[in-house]
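Reviewing the structure listed below.
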Amino acid sequence: MLDLKLLQKHGDVVQDGLAKRNSDIDLARFQELDAKRRSILGEVETLKSERNKASGLVAKAKRAGEDASDLIATLSTTSDRIKELDKQAAEVSAGVNDFLLTLPNVPHESVPVGKDENDNTLLSMWGDKPEFDFEPRDHHDLGVALDGLDFERAAKIAGARFAVYKGWAARLERALAAFMLDIHTGEHGYTEVMPPVIVNRQTMTGTGQLPKFGEDLFGLTGTDKDYFLIPTAEVPVTNLHSEETLAETDLPISYCAYTPCFRSEAGSYGKDTKGIIRQHQFQKVELVHFTRPEDSYDQLEKLREHAEEILKRLGLHYRVVTLCTGDMGFAAAKTYDIEVWLPSQDTYREISSCSNCEDFQARRANIRYRPTGAKKSGLPHTLNGSGLAVGRTFVAILENYQQADGSVVIPEALRPYMGGIDKIG
RNA sequence: GGAGGGAUGGCCGAGCGGUUGAAGGCGGUGGUCUUGAAAACCACUGACGGGGUGACUCGUCCGGGGGUUCGAAUCCCUCUCCCUCCGCCA
């Protein structure tokens with residue numbers, strides 16, 4: 001959510017930011033609504049002030065045993081008017097709020113302006129493409145041939161876009177998660193968190209999934225609760241501190257969480273239908289930071305480096321791109337995507353997305369912090385990034401480490417987590 | 001699932017329908033005293049939003065929402081969460 005004051009005083013800045021995001025939202029309707037809200041509020045607050053004073057007089061009179069029926073009669077009228085105005089104010093405020101909840105974040109000034117993913121800019125590259133003296137196979141065929149991935153049975157028990165991991169594959173998934181968590185908690189200073197993967201509507205609204213993107217989510221039916229499956233651990237972990245005021249000395253707070261993620265993948269029919277690149281359920285290690293506003297862009301660089309470190313240790317070739325204004329997510333002010341090389345597709349695919357949401361989510365979720373010595377509290381910045389998407393890391397390992405005989409070599413760093421084996425197949 | 005009990009400021013804990021934003025205590029901050037510290041004593045100490053350069057001022061908030069009333073922390077309804085007992089269960 002954007003700062004109401006920013007919209008009131010610098011609507012042009014917001015309108016400009018929206019334009020860069022290819023949004024055609026018109027702020028005029030908002031300005032009108034907000035002016036109405038403020039005018040009603042001014043009137044009703046004056047009336048309330050009068051009512052409070054008169055109420056005190058009634059109390060005084062009653063205590064003195066005097067008659068106050070005249071006063072009470074006057075108050076009755078005032079009170080009716082207040083009720084009416086309060087109701088109007090609530091309606092208009094709800095309208096203002098609903099509108100605010102649909103506005104995306106304003107891009108940071110360092111973000112390249114562009115229309116879509118073709119305008120993203122290359123930040124860096126690491127490693128080299130592996131060379132094969134044979135035609136590399138894709139992870140789907142490798143996984144099936146090595147009896148690790150079973151799509152047919154997954155389709156039987158659940159449907160399309162699900163997979164069963166068996167034997168070495170299940171072990172590899174678990175090994176990758178443990179490997180990532182150990183590095184982030186042991187070397188990068190993160191605190192591991194295991195949150196609920198089912199959350200309520202308020203939580204989904206806090207990070208920005210709702211009210212606009214409900215079609216991307218799985219909701220739970222057959223219960224009178226308003227429950228949703230999380231699309232990323234960013235949702236429960238960022239909301240961990242919703243409705244709280246943190247001390248400045250608490251910051252930065254850094255959490256990592258390994259959770260399943262659920263996405264309906266509405267509107268992606270026909271995309272990545274083969275294999276486990278795009279699933280309804282996948283596992284991810286997520287990194288989440290709460291920082292002071294002045295520290296958040298330094299923290300974004302660190303966050304990106306933490307995610308990159310995993311790929312370096314696994315020896316996987318990747319590149320980093322800065323997302324342009326037109327390609328960024330709803331809540332982000334700036335985003336780096338880390339893309340890993342996939343030989344079968346002869347291209348780079350997203351394996352991590354690291355974003356600084358600035359105070360956008362903090363304002364929605366009412367996460368505050370109090371600068372040391374300050375009277376007023378402020379809004380911390382929140383950041384999140386994958387570190388990494390485990391399923392896609394699984395894919396990258398299979399494809400990049402495959403051998404001519406159809407076997408797959410286990411990267412050195414991962415062997416302790418795989419019971420010491422150095423090869424699958 | 002059944003029965004009962006709760007939710008008040010950073011924490012504990014009072015609170016007759018009428019100067020109660022809320023007693024008291026703890027904690028915190030400042031001060032007095034002291035060589036220093038502790039103790040003791042004194043003062044200050046909630047959040048959010050609006051207005052004013054400022055001293056300041058107005059409004060809202062006692063788990064959430066709704067209702068009764070001139071007036072609600074206090075009465076009624078409802079929801080959520082927590083606790084105790086029974087049942088079921090990993």
For nucleotides [N] and [M], find the distance between their [atom1] atoms and express it as a whole number of Å.
| N | M | atom1 | result |
| --- | --- | --- | --- |
| B:C83 | B:U8 | P | 14 Å |
| B:A23 | B:U80 | P | 33 Å |
| B:G18 | B:A72 | C1' | 10 Å |
| B:U45 | B:C11 | C1' | 14 Å |
| B:G24 | B:G30 | P | 23 Å |
| B:C42 | B:U35 | P | 22 Å |
| B:C75 | B:C82 | P | 24 Å |
| B:G9 | B:U57 | P | 26 Å |

May I ask you to decide if [Y]'s main-chain N or O and [X]'s side chain share a donor-acceptor pair within less than 3.5 Å?
| X | Y | value |
| --- | --- | --- |
| A:Ser49 | A:Glu45 | no |
| A:Ser39 | A:Ala35 | no |
| A:Arg171 | A:Tyr417 | yes |

Name the pairing partner of [N], where a pair is Watson-Crick or G-U wobble with both distances under 3.5 Å, or state none.
| N | result |
| --- | --- |
| B:G87 | none |
| B:C81 | B:G6 |
| B:A22 | none |
| B:C16 | none |
| B:G30 | B:C42 |
| B:G59 | B:C48 |
| B:U68 | none |

Does atom NZ (A:Lys312) have a neighbourhood of more than 12 heavy atoms from anything else shown, all under 6.0 Å?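 Count over threshold, so yes.
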Looking at A:Glu32, I'd like to know if its CD atom is crowded, meaning that more than 12 non-hydrogen atoms belonging to other residues, nucleotides or ligands lie closer than 6.0 Å.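 Not buried by this count: 12 neighbours or fewer within 6.0 Å.
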Ring center gap for [X] and [Y] short of 6.0 angstrom:
| X | Y | value |
| --- | --- | --- |
| A:Phe262 | A:Phe282 | no |
| A:His381 | A:Tyr297 | no |
| A:Phe330 | A:Phe213 | yes |
| A:His289 | A:Tyr255 | no |

Could you give the [atom1]-to-[atom2] distance, from [X] to [N], as a whole number of Å?
| X | N | atom1 | atom2 | value |
| --- | --- | --- | --- | --- |
| A:Glu243 | B:C61 | CD | C1' | 13 Å |
| A:Asp86 | B:G67 | CG | P | 10 Å |
| A:Leu246 | B:A47 | CG | P | 15 Å |
| A:Lys87 | B:G65 | NZ | C1' | 15 Å |
| A:Asn366 | B:G63 | CG | P | 18 Å |
| A:Ile82 | B:U69 | CD1 | P | 15 Å |
| A:Leu4 | B:C48 | CG | P | 16 Å |

Apply side chain to side chain contact (heavy atoms under 4.5 Å, CB included) to the pair A:Asn384 and A:Gln361, showing each step before the final yes or no. CA-CA 11 Å; A:Asn384 64 77; A:Gln361 293 179 325; 4.3 Å; yes
Looking at every strand, decide which applies to A:Ser377 at a 4.0 Å heavy-atom threshold: base, sugar-phosphate, or nothing.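 Sugar-phosphate, backbone atoms only, no base.
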Extract from the structure each pairing of a protein N or O with an N or O of nucleotides 16-19 of chain B at less than 3.5 Å, listing the distance.
none

Heavy atoms under 4.0 Å is the rule here; annotate nucleotides 51-60 of chain B 5' to 3' with B where the base is hit, S where only the sugar-phosphate is, and - elsewhere. -------SSS
Does A:Ser76 or A:Thr245 map to a spot on RNA chain B nearer the 5' end, using the closest nucleotide for each?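 In this pair, the answer is A:Thr245.
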Does this structure show an ion pair linking A:Arg263 with A:Glu265, if we count only N-O contacts that are shorter than 4.0 Å?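 A:Glu265 and A:Arg263: not salt-bridged.
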Please determine if a side-chain N or O atom of A:Thr74 lies less than 4.0 Å away from the OP1 or OP2 oxygen of B:C70.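 The answer is no; no side-chain N or O of A:Thr74 sits under 4.0 Å from OP1 or OP2.
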